[in-house]
Amino acid sequence: MTISPLPPGSTIGILGGGQLGRMLALAAAELGLRCHIYCPDPDSPAFDVAYRSTCAAYDDEVALDEFVRNVDRVTYEFENVPHGTVAFLAARVPVLPGEKALRITQDRLHEKRFVSELGFETAHFLPVDRAADLANALDALGYPAILKTRRFGYDGKGQVTIRPGDDLAGAWTAIGAQDAILEAVVPFAMECSVVVARGGDGTIAAYDITENRHENHILKTSTVPAGVSLASAAEARRIGARIAAALDYVGVLAVELFVVRDAAGEHLLVNEIAPRVHNSGHWTQDGCVVSQFGQHMRAVAGWPLGSTKRHSDVEMTNLIGQEVEQWAGLAARAELAVHLYGKTAARPGRKMGHVNRISPRRDQPAEE
Ligand code: AMP
């Protein structure tokens, strides 16, 4: 796909008004681009920083029509954008990263098959369409295993671990009795991710792989450099680049990976693809020449991609729920860059901001 470059002053529409939309709009502003945020939630953090905003439902065609008349291009900050919304908008302006990326990544079964067909390893998995399929799938994959909804899962929601003796009907009900997949549990040594950008001309730029630590199923820290071999770091970039190319992708995506260590050494399994900027890429705001947000806006605007070169070591820590109340102390620390999302209610589990702890780079830069 060749996409024409949008000049500064152009307007990019963003579907979704959370913190990712907010940071995309801020990065766009640095490039002289305007953003129009479309989100049904009146409390959207991105509204505070946008050139224009529309608060309406994703299936409100009157509002969508008005929105699309005022934008030169559309992107999104979350993967569960309804298909009808994208189809409506894409008939009028380019929507990037595009319909294919959404179709595949909105469904765990499609995504796992897509990744396997590219020749990359995933957890062993089987589709489970009915409660009656579950026992057979467990016989095939063994215990423990994780039952996950095919659609709309995030931060560990819509999934349940099944151990020997567990009530299978209860597990099926717990995920809402809907189309699912069963995955074998991967005995990973570490969770990592790689953020990759692909331009409209097919150019790829990958960031360094990050090491991710979760608490209560929510990302807590992302650290670069990750404690993996140089071979794994290079393999992560290769996986990200291959996936982006196979999706005809334009923009930034993240691939979540499991690092497994066994007698054969260290190798990577693909857990999940996020067709958007990603929480594990927030470190790039303070660790790289061009952040994942600036990079996404460049790609969507049809500009050349910027450098993904990392100049510092970084540990990104999410501020979750009440932790945001520590903002004054954090802001006083010279080694921290504080990013707050402007959300009013600090509900438990809600991502309220993050801090990037910067230190001089200790390792040698990887070959670009
Ligand atoms: P997901 O929503 O699929 O990214 O899963 C959320 C988290 O659950 C992951 O970050 C892992 O910590 C864990 N998890 C998911 N799938 C597996 C698996 N097959 N084996 C081991 N841990 C998993």
Side-chain angles (χ1 to χ4, degrees), residues 18 20 78-80 101-102 104-116 120-128 134 137-164 166 171 174-176 178-196 209-223 226-228 232 236 239-240 243 253-262 266-283 316-318 320 349-351:
L20 300 180
F78 71 116
E79 56 271 51
N80 290 320
L102 283 179
I104 290 175
T105 61
Q106 281 181 349
D107 185 316
R108 286 187 196 276
L109 182 61
H110 294 165
E111 184 178 284
K112 284 245 164 15
R113 286 181 173 156
F114 167 79
V115 168
S116 306
F120 300 128
E121 215 182 326
T122 68
H124 296 300
F125 65 94
L126 284 169
V128 178
L134 188 51
L138 282 160
D139 282 345
L141 296 181
Y143 291 90
I146 308 178
L147 184 65
K148 299 182 178 180
T149 58
R150 279 173 59 174
R151 301 172 68 85
F152 300 119
Y154 69 98
D155 287 350
K157 294 189 174 58
Q159 53 182 270
V160 54
T161 302
I162 304 179
R163 298 187 174 77
D166 281 354
I175 61 145
Q178 54 181 302
D179 286 353
I181 63 171
L182 188 72
E183 283 183 30
V185 167
V186 176
F188 59 80
M190 188 192 293
E191 290 191 79
C192 285
S193 55
V194 64
V195 172
V196 173
I209 180 172
T210 58
E211 179 173 337
N212 302 326
R213 197 170 53 78
H214 297 80
E215 281 177 13
N216 304 319
H217 299 286
I218 301 173
L219 184 68
K220 187 60 194 165
T221 62
S222 287
T223 308
V228 295
S232 292
I239 291 172
I243 287 175
L253 63 73
V255 183
E256 296 178 16
L257 301 159
F258 295 131
V259 181
V260 175
R261 292 184 181 129
D262 55 25
E266 186 174 277
H267 59 117
L268 303 177
L269 275 66
V270 173
N271 175 31
E272 209 168 31
I273 304 167
R276 54 174 169 77
V277 287
H278 193 257
N279 195 170
S280 69
H282 290 2
W283 66 270
M316 188 281 319
T317 302
N318 273 332
I320 296 167
R350 193 173 194 210
K351 292 173 183 168

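When a ligand or atom number is given, it counts from 1 through the structure's own listing order.
Those atoms of ligand 1 that come under 4.0 Å of a heavy atom in His214, given as number and element, are 10 (O). Of all the atoms in ligand 1, the ones that sit under 4.0 Å from a non-hydrogen atom of Glu256 are 4 (O). Heavy-atom proximity to Glu191, at under 4.0 Å, picks out these atoms of ligand 1: 9 (C), 10 (O), 11 (C), 12 (O). Residue Val185 has at least one heavy-atom neighbour below 4.0 Å for each of these atoms of ligand 1: 20 (N), 21 (C). Of all atoms in ligand 1, listed by their number and element, those nearer than 4.0 Å to a heavy atom of Ala123 are 19 (N).
With rounding to the nearest 0.5 Å, the separation of CG in Leu147 from CG in Leu182 is 6.0 Å.
Side chains of Asp262 and His267: a donor-acceptor N/O pair is present below 3.5 angstrom, by distance only. Gln159 and His217 are not linked by any side-chain donor-acceptor pair at a separation below 3.5 angstrom, with hydrogens and angles left out of the test.
Looking at ligand 1, you won't find any N or O of Phe188 less than 3.5 Å from one of its N or O atoms.
Remark: Thr149 engages no residue in a side chain to side chain donor-acceptor pair (under 3.5 Å) (not counting sequence neighbours). The side chain to side chain donor-acceptor pair (under 3.5 Å) search around Asp107 returns Arg150, not counting sequence neighbours.
Between the choices Glu272, Lys148, Glu111, the shortest heavy-atom distance to atom 3 (O) of ligand 1 belongs to Lys148.
Distances from ligand 1 to the non-hydrogen atoms of Pro187 include no value under 4.0 Å. At least one heavy atom of Phe258 sits under 4.0 Å from some atom of ligand 1.
Contact annotation: the side chain of Met316 never approaches that of Thr221 to less than 4.5 Å [non-hydrogen atoms, C-beta and beyond].
Counting heavy atoms closer than 4.0 Å to ligand 1, residue Asn212 contributes nothing at all.
Under 4.0 Å is where a charged nitrogen must lie from a carboxylate oxygen, and between Glu183 and Lys148 at least one such pair does.
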